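Let me begin by presenting the structure, written as structure tokens, before commenting on it.
Since this is a predicted model, take the numbers as computed values, not measurements. Excluded from the calculations below are hydrogen atoms, water molecules and symmetry mates; all remaining heavy atoms, backbone and side chain alike, are included. So that the names make sense, note that chain A is the first sequence line, chain B the second, and so on, each numbered from 1.
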There are 2 protein chains.
Amino acid sequence: MRDPEATLRQHDLPVTAQRIAVLRAVSGHPHATADDLTASVCGDLGTISRQSVYNVLNVLTDKGIIRRIQPADSPARYEDRIGDNHHHLVCRSCGRTEDVCCAVGEAPCLKAHSHHGFKIDEAEVIYWGTCPACQKKKRS
Amino acid sequence: MRDPEATLRQHDLPVTAQRIAVLRAVSGHPHATADDLTASVCGDLGTISRQSVYNVLNVLTDKGIIRRIQPADSPARYEDRIGDNHHHLVCRSCGRTEDVCCAVGEAPCLKAHSHHGFKIDEAEVIYWGTCPACQKKKRS
DNA sequence: TCATTATTTTTGACAAAGTCCAAAACTCGG
DNA sequence: CCGAGTTTTGGACTTTGTCAAAAATAATGA
Ligand SMILES: [Mn+2]
Ligand SMILES: [Mn+2]
Ligand SMILES: [Zn+2]
Ligand SMILES: [Zn+2]
């Protein structure tokens, strides 16, 4: 994120210290949880309420400025890499989350075979596996 | 599920009324939540504790007798259609969940492009959209 | 610049989904 | 039918997030 303040103005959002700090935290910590981000913002602003973190994350997500991903058995994670339809690779044991480029490119990147009359707008793909560190731990 | 009791014995699980009832409920209500299943079991057994429903669902899932799916913004859902690597199509507004055959067939059905050294064991795909009923509601 | 007004932030209660724990009930092999 | 080992139960607890009302702040424009 080049300029959080400009980004907020571009989306007609009043500029506040909390919004700037959360936006910077999301930028600097891809796939972080609300808790991670709260910690990061506190190290920056000194303090922020839990509710404000959720408020800001919700409004930024609604505006499409950031993206929320919600893998099973994990609190929601956030990132500012948007618009490229990329997917995620998640470690089953430690939750480490990595970006995976979409092979197809444009969304929705997969056609559902039998779609039951649904109007499909997204094909969400999560690759599940074990990260290198956790593979080592398991073997030892 | 032909014979819940036999299935339990095949997996060395003591046969209990609760397990049989939950297994039958999962069979009869694909993609039901723990709450849905509790209601269904109560109509069958008369009563069951909330904890038992979770106990049974967990042990059945661990043994691979049933499968758990956890779409965003929904409690976990369960099904006994396993081993065919099928995917799901979920309505964003009402949560209706339908099966979608996997185009590829065997798991993992997609190769991650850049896999960061992870050992991938599953490619989970969820198609998000709007079901016919909710499309109609939105238009009107 | 400063007052006004709408928006945001904060605090604290609340809710949903699920887990932990210990006591009571049950299953199953002998 | 007994006894050991599981399972079930009820209740407290945890995690992640939302709701609501009061206090603080940002934008507007005189
Ligand atoms: Mn990402
Ligand atoms: Mn299914
Ligand atoms: Zn890991
Ligand atoms: Zn629907």
How close or far is atom [atom2] of [N] from atom [atom1] of [X], stated in whole angstroms?
X	N	atom1	atom2	value
B/Gln51	D/dT6	CD	C1'	14 Å
B/Gln70	D/dT16	CD	C1'	14 Å
A/Leu57	C/dT9	CG	C1'	14 Å
A/Ile20	D/dT25	CD1	P	15 Å
B/Asp73	C/dA16	CG	C1'	12 Å
B/Asp35	C/dA17	CG	P	6 Å
B/Asp12	D/dT7	CG	P	11 Å
A/Asp62	C/dT7	CG	P	16 Å

**Message:** By nearest heavy atom, map B/Arg68 and B/Leu13 onto DNA chain C; which one lands nearer the 5' end?
**Reply:**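 Counting from the 5' end, the first nearest nucleotide belongs to B/Arg68.
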**Prompt:** On DNA chain C, nearest-nucleotide positions of B/Ser74 versus A/Val59: which is more 5'?
**Reply:**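 Closest to the 5' end, via its nearest nucleotide, is A/Val59.
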SB check [X] [Y] (cutoff 4.0 Å):
X	Y	result
A/Arg9	A/Asp12	no
A/Arg77	A/Glu79	no
B/Glu122	A/Arg92	yes

**Any N/O donor-acceptor pair, A/Arg50 side-chain to D/dG17 base, under 3.5 Å** =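 Checked by distance alone, the answer is yes.
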**Asked** B/Thr16 side chain N/O closer than 4.0 Å to the phosphate oxygens (OP1, OP2) of D/dT6?
**Response**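 No, B/Thr16 has no side-chain N/O under 4.0 Å of OP1/OP2 on D/dT6.
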**Message:** Less than 4.0 angstrom between a side-chain N/O of B/Gln18 and OP1 or OP2 of D/dT8, yes or no?
**Reply:**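 For B/Gln18, the contact criterion (side-chain N or O under 4.0 Å from OP1 or OP2 of D/dT8) is met.
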Given [options], identify the nucleotide with an atom nearest to the side chain of [X].
X	options	answer
B/Ile48	C/dA17, D/dG17, D/dT9	D/dT9
B/Val56	C/dC28, C/dC21, D/dT8	D/dT8
B/Tyr54	C/dA17, C/dT9, D/dC19	C/dA17

So [X], base contact, sugar-phosphate only, or nothing? Heavy-atom distance under 4.0 Å.
X	result
B/Asn55	base
B/Asn58	sugar-phosphate
B/Ser52	base
A/Arg19	sugar-phosphate

**Prompt:** Mind checking whether A/His31 and A/His29 have ring centres under 6.0 Å apart?
**Reply:**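 Centroid distance A/His31-A/His29: not below 6.0 Å, so no.
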**Request:** Going by the side-chain contact (heavy atoms from CB on, under 4.5 Å) test, name the single residue among B/Val41, B/Thr16, B/Asn55, B/Thr38 that passes it with B/Val22.
**Result:**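 So, applying the side-chain contact (heavy atoms from CB on, under 4.5 Å) to B/Val22 and each of B/Val41, B/Thr16, B/Asn55, B/Thr38, only B/Val41 qualifies.
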